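This is a predicted model, so every value here is computed, not measured. Every number for a ligand or one of its atoms is a count from 1 in the order of the listing. FYI, the numbering just counts along the sequence from 1. As a basis for the values below, the full set of heavy atoms in this structure was taken, side chains included, without hydrogen atoms, waters or symmetry mates.
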Amino acid sequence: MYDFKITTSDTGTLYRDLASALEGLVAGEPDPIANMANAAALIWESLPDLNWAGFYRNVGGELVLGPFQGRPACIRIPFGQGVCGAAAATLEVQRVDDVHAFPGHIACDAASVSELVVPIVRDGQLLAVLDLDSPNAARFTEEDEAGCLKLAELLARSL
Ligand code: SME
């Protein structure tokens with residue numbers, strides 16, 4: 001049984017605990033879908049104020065829905081479209097305080113207001129993006145961005 005209960009009001013500690021829990025979960029497991037599924041569940045359980053947490057995978061130059069928690073979502077996103085597509089095309093983190101102001105934002109869940117998308121890259125190749133959505137405006141801070149970049153680095157070795 002896995003029993004990771006991560007509760008802290010300090011964001012730095014939260015992400016450190018999250019990273020070590022994730023490291024434990026993916027250790028020795030080579031299957032990328034299994035690792036993304038556990039990562040999505042762990043993030044969903046640990047981070048407050050999310051309405052969606054999961055992955056889009058790079059499948060032949062197109063983003064295809066991967067393991068996630070939250071409501072059913074758009075299945076395919078071309079590179080360059082929406083927040084996830086922008087992260088995939090630029091390989092840069094997209095931290096958006098209000099998605100309604102983001103040109104081309106794809107509204108999978110009408111409840112989403114802010115979004116953080118982190119590319120997962122190995123040897124210069126995009127493997128997937130980690131996508132977090134929140135119903136709160138400006139939910140994601142620089143600390144969330146730094147913490148999720150660490151998680152993405154860790155996952156890049158396990159996908
Ligand atoms: N809003 C995203 C699409 C994915 S969902 O949020 C799960 C976007 O614009 O890329």
Side-chain angles (χ1 to χ4, degrees), residues 4 6 11 14-15 18-19 21-22 25-26 31-159:
F4 298 109
I6 298 172
T11 310
L14 174 69
Y15 278 103
L18 201 44
L22 183 60
L25 272 175
V26 301
D31 188 274
I33 299 290
N35 287 336
M36 283 187 273
N38 263 339
L42 182 71
I43 291 168
W44 179 255
E45 285 237 305
S46 309
L47 295 184
D49 304 318
L50 301 181
N51 64 309
W52 204 89
F55 297 89
Y56 281 89
R57 299 164 297 131
N58 178 7
V59 181
E62 185 179 30
L63 292 176
V64 181
L65 185 63
F68 69 94
Q69 301 277 314
R71 301 185 73 184
C74 323
I75 297 171
R76 290 174 186 272
I77 300 177
F79 278 29
Q81 276 188 28
V83 186
C84 291
T90 60
L91 299 185
E92 279 171 13
V93 175
Q94 305 292 310
R95 185 158 58 89
V96 180
D97 287 346
D98 178 3
V99 292
H100 302 111
F102 190 94
H105 160 247
I106 301 162
C108 292
D109 182 343
S112 299
V113 178
S114 57
E115 184 160 354
L116 178 65
V117 183
V118 182
I120 301 174
V121 179
R122 188 175 62 219
D123 300 329
Q125 301 295 312
L126 181 77
L127 302 176
V129 299
L130 167 63
D131 180 18
L132 305 181
D133 287 22
S134 171
N136 301 350
R139 152 71 182 80
F140 303 104
T141 63
E142 278 181 25
E143 262 187 309
D144 289 295
E145 181 173 332
C148 287
L149 266 167
K150 281 267 164 6
L151 300 181
E153 273 169 36
L154 217 150
L155 278 169
R157 294 180 244 133
S158 308
L159 303 191

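Protein heavy atom nearest atom 5 (S) of ligand 1, with residue, atom name and distance: Cys108 SG, 3.4 Å. Shortest contact from atom 6 (O) of ligand 1 to any protein heavy atom: Asp133 OD2, 2.6 Å. Looking from atom 2 (C) of ligand 1 to the surrounding protein, the closest heavy atom is Glu115 OE2, 3.1 Å. For atom 1 (N) of ligand 1, the closest non-hydrogen atom of the protein is Ile106 O, 2.8 Å. Looking only at protein heavy atoms, the nearest one to atom 10 (O) of ligand 1 is Cys84 N, 2.8 Å. Scanning all protein heavy atoms for the shortest distance to atom 8 (C) of ligand 1 gives Val83 N, 3.4 Å.
Look at Arg139 and Asp144 and you find a salt bridge, because one of the NZ, NE, NH1 or NH2 atoms lies within 4.0 Å of a carboxylate O, short of that distance.
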Practice problem: Determine, stepwise, if the pair Asn136 / Ser114 fulfils side chain to side chain donor-acceptor pair (under 3.5 Å). | Solution: CA-CA 6 Å; Asn136 301 350; Ser114 57; over 6 Å; no
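A distance of 12.5 Å separates CG in Leu127 from CZ in Arg157, rounded to the nearest 0.5 Å.
Around atom CZ of Arg122, more than 12 heavy atoms belonging to other residues, nucleotides or ligands sit under 6.0 Å away.
Residues forming a ring pair (Phe, Tyr, Trp, His ring centres under 6.0 Å) with Trp52 (at least two apart in sequence, or on another chain): Tyr56, Phe68.
Within the 4.0 Å heavy-atom criterion, the part of Tyr56 lying near ligand 1 is the side chain and not the backbone. In Asp131, the part holding a heavy atom less than 4.0 Å from any atom of ligand 1 is the side chain.
Closest heavy-atom contact between Ser112 and His100: O-CE1, 3.8 Å.
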